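Please read the structure below before turning to the comments.
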Amino acid sequence: MAYWLMKSEPDVYGIDDLAAEPDQTDHWDGVRNYQVRNMMRDRMQPGDLAFFYHSNTKVPGIAGIMEIVSTGYPDHTAWDPESNYYDPKSDPDNPRWYMVDVRFQRRLERLIPLSELKAEPALSEMALVKKGNRLSVMPVREAEWTAILEMEHADGRG
DNA sequence: GCCAACGTTGGC
DNA sequence: GCCAACGTTGGC
């Protein structure tokens, strides 16, 4: 069982959108980065848990928790010319892009802002808080997962 | 195989 | 809206 953090822009698709889906389940499509593709295709397993991170918004931060409910499988939006994620170079016989299914678990009691995550010493090794990091999906160590959950009930000022 | 140009991410 | 940092592309 592994832990992850997955970013999405809430103006495009936020945790409220996932919670509103039938079965509160959706596929995490549109990943077009090879490092992230490899994680989804090779490492994610049903039962893994992931933080839902809101990026590119007024207060970026961790908004909730979801469960991975499938292994990686080909991202069909790459073959849909109508899709924003269309990639004519992805061959159906040799899919270039993969996705997983995720199920809403819960919102955090408060959004934990990136500014607090950056200030937490236990998280200093996370790619999330490092300058220039652009991965939209990243592994989270168990100790980091626990530290973040403890922050959920803190007052936000240390 | 190098690397400059380009497009994108995402915090601020 | 700006722009630094990064990944990808494609000419050579």
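Every chain is numbered from 1 and lettered A, B, ... according to where its sequence line falls, protein lines coming before strand lines. Values reported hereafter were calculated over all heavy atoms of this structure, with side chains retained and with hydrogens, waters and symmetry mates removed. Keep in mind that what you see is a predicted model, and the values were worked out from it rather than measured.
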Just compare [options] and give me whichever is closest to any side-chain atom of [X].
X	options	answer
K89(A)	dG7(C), dG10(B), dG10(C)	dG10(C)
K131(A)	dA5(C), dG10(B), dG11(B)	dA5(C)
K7(A)	dG11(B), dG10(B), dT9(C)	dG10(B)
R96(A)	dT9(C), dG10(B), dG7(C)	dT9(C)
K118(A)	dG11(B), dT8(C), dA4(C)	dG11(B)

Would you please test R41(A) and Y73(A) for side-chain hydrogen bond (donor to acceptor under 3.5 Å, both in side chains) and show each step? CA-CA 7 Å; R41(A) 186 190 58 189; Y73(A) 62 99; over 6 Å; no

In whole angstrom, give the distance that lies between atom [atom1] of [X] and atom [atom2] of [N].
X	N	atom1	atom2	result
K130(A)	dA4(C)	NZ	C1'	18 Å
L114(A)	dG11(B)	CG	C1'	8 Å
D87(A)	dT9(C)	CG	C1'	13 Å
L128(A)	dT9(B)	CG	P	17 Å
L135(A)	dT9(B)	CG	P	13 Å
M6(A)	dG10(B)	CE	C1'	17 Å
N33(A)	dA5(C)	CG	P	19 Å
L111(A)	dG11(B)	CG	P	12 Å

Please tell me whether Y85(A) and W79(A) form a close aromatic pair, meaning their ring centres lie under 6.0 Å apart.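 So the answer is no for these two rings.
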
By nearest nucleotide on DNA chain C, pick out whichever of N133(A) and N56(A) is the more 5' one.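 Its nucleotide being nearer the 5' end, the pick is N56(A).
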
Cationic N near anionic O, under 4.0 Å, R96(A) to D87(A):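 Salt bridge flag = yes for D87(A) with R96(A).
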
Under a 4.0 Å N-O cut-off, is there an ion pair linking R110(A) with E116(A)?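 Salt bridge between R110(A) and E116(A), a charged N being under 4.0 Å from a carboxylate O: yes.
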
Stepwise side-chain contact (heavy atoms from CB on, under 4.5 Å) check, Y3(A) with F51(A): CA-CA 8 Å; Y3(A) 299 102; F51(A) 286 126; over 6 Å; no

Residue-phosphate contact under 4.0 Å: Y85(A) side-chain N/O, dT8(B) OP1/OP2: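 No, outside the criterion.
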
Reckon K58(A) touches a base, only the sugar-phosphate, or nothing at all at heavy-atom distances under 4.0 Å?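 No contact at all - K58(A) keeps every heavy atom at 4.0 Å or more from the nucleic acid.
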
